[in-house]
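To start, the structure itself, in structure tokens.
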Amino acid sequence: MIQSFNSSHYTPPMPKFYITTPIYYPNAEPHLGHVYTTICADVLARYHRLAGDDTFFLTGTDEHGIKMVKTAAERNITPQQLADQNVAVFESLWKELNITNDDFIRTSSPRHKQSVQKIVEKLVASGDIYLGSYQGWYDEGQEEFVTETEAKDRQYLAFNRKPLVRYSEPTYFFKLKKYIPQVQAYIESHPDFIQPLARRNEVLSKLKQGVEDLSISRATLKWGIELPHDPGHVLYVWIDALSNYITALGYPALSDEATKRRSDEGKESPSLPSSLRRSVAPSLFDQFWPADVHLIGKEIMWFHTVYWPAMLFALGIDQPKQVYAHGWWTADGRKMSKTEGNFIDLAKLRGVIATHSLDALRYYLLRAAPFGNDLDWSDSEFNSAYTELGNVIGNCLNRVLNMANKYLDGIVPPDPGPATGDDLAHSLFIEKYTNFPQSLAARYNAIALQDIILVPLELARATNGYIDSRAPFKLAKDPAKAGELQAVMWRSIQSIYRVLVALLPILPEKAAAGLTQLGVDLTAKSLPDLFSQPLPAGHKLGANQPLFPKIEPAA
């Protein structure tokens with residue numbers, strides 16, 4: 001029993017950040033779309049860890065459903081064997097791509113199955129799940145039933161343009177309609193919940209057309225999680241899949257026990273600060289929910305912003321803070337297709353990494369379009385992005401280190417104090433340098449992933465312009481201008497240092513290599529640590545090595 005609170009022994013909890021990708025369907029190997037979503041989430045997770053936030057990054061696989069059964073049958077193996085084979089590829093790929101996920105959830109895993117069955121038990125007990133019958137159209141690709149009106153509007157074609165399938169069978173329903181007013185009110189009162197804005201408008205418009213209760217079980221399908229109160233039915237897709245975001249955190253089994261324990265302790269010691277009560281044996285769910293960002297593709301926006309909030313309202317759980325849907329990839333202006341030869345598969349991506357580096361791929365994927373927009377893969381645009389890295393950031397680092405080693409013996413000079421000067425290059429540089437940490441944080445908070453590249457890129461560009469306008473090689477020839485030379489070099493050194501620090505979440509290998517060239521030890525340092533103090537006077541810089549060497553075009 002906790003009877004007193006000793007402030008000298010209390011450490012306030014760190015700000016937390018919980019980010020998720022969709023759980024990917026493993027009926028085939030991953031491709032560009034999976035890689036893009038996961039790298040975007042990885043960049044955000046890396047940033048928040050570096051910023052000092054208690055961060056949890058979840059990804060995984062959605063292994064049930066009719067597509068897995070059909071694909072397994074075509075290969076003459078069981079659905080579990082198919083899942084195991086392809087999940088191994090996903091897990092191996094994320095390690096290969098240096099993805100820093102904290103957990104990988106599988107819907108076929110015992111921990112997920114047990115938690116989902118408890119969730120179903122809660123919904124049955126509350127009367128939010130009931131037995132009915134369904135007859136209508138089914139979209140196997142999206143794993144959802146489609147109303148007659150919507151089927152007609154789609155010309156009876158599924159989302160993937162294959163024919164809709166006609167189904168008739170008994171099924172359990174979730175009382176989706178009951179929660180639609182709450183869902184709609186929540187979306188309308190939380191403008192940032194659905195991003196980008198165009199997706200929010202789409203969801204609200206569709207809600208106004210009316211929503212039916214959600215069919216959640218199949219009696220004719222045996223590959224899935226059995227309903228605990230009726231083993232003749234298995235869940236399919238949305239209660240099973242969407243629940244991963246909380247089952248991975250131990251909900252409901254761990255959370256219920258921890259909640260009761262905290263409640264009892266709170267009664268015994270009502271003066272105990274709430275922040276300390278939260279820290280008593282927390283489960284991951286208590287520690288990280290609600291999610292800060294569900295990062296998804298736009299094709300599953302409806303399920304994450306209508307079905308999922310309704311389920312959470314039914315369970316009495318807080319809503320995630322934001323659902324952010326990115327766009328789709330095309331290649332050379334056309335829909336990706338293996339038959340057309342423009343499909344960006346793992347072999348293609350591995351080739352790019354082998355010739356240009358993993359960080360170059362990360363840079364291009366974020367650089368390709370404003371986050372949320374559709375994107376187009378182009379080899380020429382990729383090469384341009386790589387050239388930009390070399391010409392702007394790599395060149396800036398090389399120039400600064402060459403001049404520092406030539407004119408200052410590789411030693412950081414003293415801080416010259418406030419800058420003076422009124423030419424355009426100088427003013428632009430000083431403005432970008434001064435406002436840099438705040439500008440970067442604002443872009444991350446807005447999940448403006450293209451901008452988190454553009455902010456350091458433009459500072460490096462401004463630094464190059466500043467060096468050109470101040471011409472250190474001329475100043476070095478005049479002993480009377482030694483002080484001015486030191487001032488120019490100090491500002492240039494500190495600027496490229498800030499650029500490389502900002503790029504650590506995006507280009508973890510290249511940025512760290514550049515900082516090593518600046519003589520920076522990154523061990524146990526956070527973003528506030530790195531930004532709060534410039535490189536001190538007397539700090540020894542290293543020798544430069546090209547971060548982005550020129551790649552000769554293939555013959």
Discussion item. With a 4.5 Å cut-off on side-chain heavy atoms, are Tyr466 and Tyr433 touching?
Written reply: no
Worksheet item: Would you say the side chain of Pro534 lies within less than 4.5 Å of the side chain of Trp490, judging by non-hydrogen atoms?
Response: yes
Worksheet item: Hey, does the side chain of Ser205 reach the backbone of Glu202 with a donor-acceptor pair shorter than 3.5 angstrom?
Response: no
Discussion item. Please tell me whether Tyr36 and Trp329 form a close aromatic pair, meaning their ring centres lie under 6.0 Å apart.
Written reply: yes
Worksheet item: Quick one: are Leu547 and Leu507 in side-chain contact, heavy atoms under 4.5 Å?
Response: no
Fill in: Pair His326-Thr37, side chain to side chain contact (heavy atoms under 4.5 Å, CB included): steps then yes or no
CA-CA 8 Å; His326 63 70; Thr37 310; 2.7 Å; yes
Discussion item. Distance check, rounded to the nearest 0.5 Å: Thr463 atom OG1 versus Ile493 atom CD1?
Written reply: 11.5 Å
Discussion item. Within the 4.5 Å heavy-atom criterion, are Phe193 and Arg200 side-chain neighbours or not?
Written reply: no
Worksheet item: Has the side chain of Thr55 got a donor or acceptor atom that lies under 3.5 Å from a matching backbone atom of Asp53?
Response: yes
Worksheet entry | Side-chain heavy atoms of Phe548 within contact of Tyr386, under 4.5 Å | yes
Practice prompt. Could you pull out the closest heavy-atom pair between Pro22 and Ile300, with the gap in Å?
Written response: CB-CD1, 3.8 Å
Worksheet item: Out of curiosity, Thr61 OG1 to Glu91 CD, how far, rounded to the nearest 0.5 Å?
Response: 7.0 Å
Worksheet item: Are any side-chain N or O atoms of Asn201 and backbone N or O atoms of Ala198, one a donor and one an acceptor, separated by less than 3.5 Å?
Response: no
Discussion item. Going by side-chain contact (heavy atoms from CB on, under 4.5 Å), name the residues that satisfy it together with Asp478, two or more places apart in sequence or in a different chain.
Written reply: Ala480, Lys481
Item to complete: Output the distance between atom CG (Asn391) and atom NZ (Lys550), rounded to the nearest 0.5 Å.
Response: 7.0 Å
Worksheet item: Taking C-beta and beyond as the side chain, do Leu365 and Val35 meet within less than 4.5 Å on heavy atoms?
Response: yes
Discussion item. Parallel, tilted or perpendicular, judged at 30° and 60°: which one describes the rings of Trp308 and His294?
Written reply: tilted
Item to complete: State whether the number of non-hydrogen atoms from other residues, nucleotides or ligands found under 6.0 Å of Lys335 atom NZ is greater than 12.
Response: no
Worksheet item: Can you tell if the side chain of Met336 reaches within under 4.5 Å of the side chain of Trp377, non-hydrogen atoms only?
Response: no
Fill in: Flag, side chain of Asp374 to backbone of Gly327, donor-acceptor distance under 3.5 Å
no
Item to complete: Starting from the C-alpha separation in whole Å, work towards a yes-or-no answer on side-chain hydrogen bond (donor to acceptor under 3.5 Å, both in side chains) for Arg399 and Ser492.
Response: CA-CA 9 Å; Arg399 296 176 79 186; Ser492 301; over 6 Å; no
Practice prompt. Please answer whether the main-chain N or O of Ala241 pairs with a side-chain N or O of Asn244 as donor and acceptor at a distance below 3.5 Å.
Written response: yes
Ignoring hydrogens and angles, write down the donor-acceptor pairs under 3.5 Å from the side chains of residues 446-459, residues two or more places apart or on other chains.
residue, atom, partner, partner atom, Å
Gln450, NE2, Arg367, O, 3.0
Glu458, OE1, Arg461, NE, 3.4
Glu458, OE2, Arg461, NE, 3.3

Worksheet entry | Taking every non-hydrogen atom, the tightest pair across Val203 and Met301 | CG2-CG, 3.8 Å
Worksheet entry | Exceeds 12 heavy-atom contacts within 6.0 angstrom, atom CD of Glu96 | yes
Worksheet item: Step by step, would you call Ile467 with Val400 a side chain to side chain contact (heavy atoms under 4.5 Å, CB included)?
Response: CA-CA 9 Å; Ile467 292 170; Val400 168; 4.0 Å; yes
Item to complete: Please answer whether the main-chain N or O of Pro15 pairs with a side-chain N or O of His48 as donor and acceptor at a distance below 3.5 Å.
Response: no
Response to the item:
When every non-hydrogen atom of Ile506 is compared with those of Ala502, the smallest separation belongs to CD1-O, 4.2 Å
Worksheet item: Side chains of Lys16 and Asp292: closer than 4.5 Å at any heavy-atom pair?
Response: yes
Worksheet item: Side-chain donor-acceptor pair under 3.5 Å between Thr523 and Asp521, yes or no?
Response: yes
Return all side-chain donor-acceptor pairs below 3.5 angstrom for residues 403-419, not counting sequence neighbours, or 'none' if the list is empty.
residue, atom, partner, partner atom, Å
Asn405, ND2, Leu401, O, 2.9
Asn405, ND2, Gly542, O, 3.1
Asp415, OD1, Gly417, N, 2.8

Discussion item. Using 30° and 60° as the class boundaries, would you call the ring planes of Phe285 and Trp289 parallel, tilted or perpendicular?
Written reply: parallel
Practice prompt. Working to the nearest 0.5 Å, report the span between CG of Asp102 and CD1 of Ile19.
Written response: 11.0 Å
Fill in: Short side-chain to backbone donor-acceptor contact, Arg199 and Gly372, under 3.5 Å
yes
Worksheet item: Phe382 and His356: aromatic ring centres closer than 6.0 Å?
Response: yes
Worksheet entry | Near-ring test Tyr324/Phe371, centroid separation under 6.0 angstrom | yes
Worksheet entry | Distance, nearest 0.5 Å, that separates CG of Leu249 from OG1 of Thr20 | 9.5 Å
Discussion item. Set out, in order, the CA-CA distance, both residues' side-chain angles and the distance that settles side-chain hydrogen bond (donor to acceptor under 3.5 Å, both in side chains) for Ser380 and Asn383, then state yes or no.
Written reply: CA-CA 5 Å; Ser380 64; Asn383 291 331; over 6 Å; no
Worksheet, complete the sentence: Contacts of Ser109 meeting side-chain contact (heavy atoms from CB on, under 4.5 Å) (sequence neighbours excluded), chain-then-number -> Ile105, Arg106, Arg111, His112
Practice prompt. Would you please indicate if the ring centroids of Tyr245 and His304 are separated by under 6.0 Å?
Written response: yes
Worksheet item: Who pairs with Ala441 by side-chain contact (heavy atoms from CB on, under 4.5 Å), at least two apart in sequence or on another chain?
Response: Tyr47
Worksheet, complete the sentence: Scanning both residues in full, the closest heavy-atom pair of Pro30 with Val89 reads CD-CG1, 3.7 Å
Fill in: Test side chain to side chain contact (heavy atoms under 4.5 Å, CB included) applied to Cys396 and Val499, step by step
CA-CA 10 Å; Cys396 185; Val499 167; over 6 Å; no
Practice prompt. Go through the steps for Leu515 and Leu504 under the test side chain to side chain contact (heavy atoms under 4.5 Å, CB included), then give the verdict.
Written response: CA-CA 9 Å; Leu515 288 165; Leu504 281 169; 3.9 Å; yes
Item to complete: Starting at OH of Tyr364, measure out to CG of Leu375 and round the result to the nearest 0.5 Å.
Response: 8.0 Å
Worksheet item: Does the Ser495 side chain pair with the main chain of Arg491, one donor and one acceptor, at a distance under 3.5 Å?
Response: no
Worksheet item: At their closest point, which heavy atom of Ile353 faces which heavy atom of Leu358, and how far apart are they?
Response: CG2-N, 3.7 Å
Worksheet item: Are the side chain of Tyr18 and the backbone of Leu58 linked by a donor-acceptor contact shorter than 3.5 Å?
Response: no
Worksheet entry | salt bridge (Lys or Arg N to Asp or Glu O under 4.0 Å): pairs with one or both residues in residues 17-43, sequence neighbours excluded | Asp42-Arg46, Asp42-Arg362
Worksheet entry | Minimum heavy-atom distance Gln517-Leu397, with the two atoms named | OE1-CD2, 3.6 Å
Worksheet item: What class does the angle between the rings of His190 and Tyr186 fall in, given that below 30° is parallel, 30 to 60° is tilted and above 60° is perpendicular?
Response: parallel
Discussion item. Determine whether a donor-acceptor pair (N or O, by modelled atom type, separation under 3.5 Å) exists between the side chain of Asp318 and the backbone of Pro290.
Written reply: no
